[in-house]
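The structure appears below as structure tokens.
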Amino acid sequence: MPQYAVLIYTGDSAHELDATKEDLAQPDGHAEVLVASGSLRAAFAFTPRDMARSIRAEGVSDGPFVDAPQVVAGVYVIEASDWDDALRIVSTDPAISGDGGLEVRLVHSGGIIGS
């Protein structure tokens, strides 16, 4: 079955190192729904943008690679029968409310390496 990567764009990540269960209730609730549906294959939440480091030819700098109003706050991979099914599965993601959004991309190749 095809896999789709879902990039989550928001103003910043809710996953501070000291985030509480209440802080993460909304994204974790959505993840639980995807797990229960059997479609979720992998999920990774990123820490806030001020914890990022960027690497370029000139060296390493603090902060995200691009200074933009939205950043990639996380990524997850789902399995879906086709594009319509993939879009249906991710359409309830809380990141699409407000100024956030999702980018859904068909996975060409790859996977988790090792354990």
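Values below: every heavy atom of this structure, side chains too, minus hydrogens, waters and symmetry copies.
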request  = Report yes or no: do L7 and V77 belong to one cluster of Ile/Leu/Val/Met/Phe/Trp/Tyr joined by side chain heavy-atom distances under 4.5 Å?
outcome  = no
Interatomic distance, R41 atom CZ to E79 atom CD [nearest 0.5 angstrom] = 4.0 Å
key: Candidate pair T47 and H15, rule side-chain contact (heavy atoms from CB on, under 4.5 Å), full reasoning   = CA-CA 5 Å; T47 54; H15 291 81; 5.6 Å; no
ask   = Apart from L106 itself, which Ile, Leu, Val, Met, Phe, Trp or Tyr residues share its cluster (side-chain heavy atoms under 4.5 Å, direct or through members)?
value = Y4, V6, I8, L34, V35, L40, Y76, I78, W83, L87, I89, V90, I96, L102, V104
Gap between atom CG of D93 and atom NE2 of H30 - 0.5 Å precision = 4.5 Å
note = G11 and R49 have their tightest heavy-atom pair at O-NH2, 2.6 Å
remark   = One should read off an interatomic distance between R53 CZ and S61 OG, to the nearest 0.5 angstrom, of 9.0 Å
request  = Search all heavy atoms of A14 against all heavy atoms of A19 and return the closest pair with its distance.
outcome  = O-CB, 3.7 Å
Note, E103 side chain near Y9 side chain (heavy atom, < 4.5 Å) = yes
task = Can you see which heavy atom on L24 is nearest to which on P27, and at what distance?
result = O-CD, 3.3 Å
Distance (rounded to the nearest 0.5 Å) between S37 OG and E32 CD = 12.5 Å
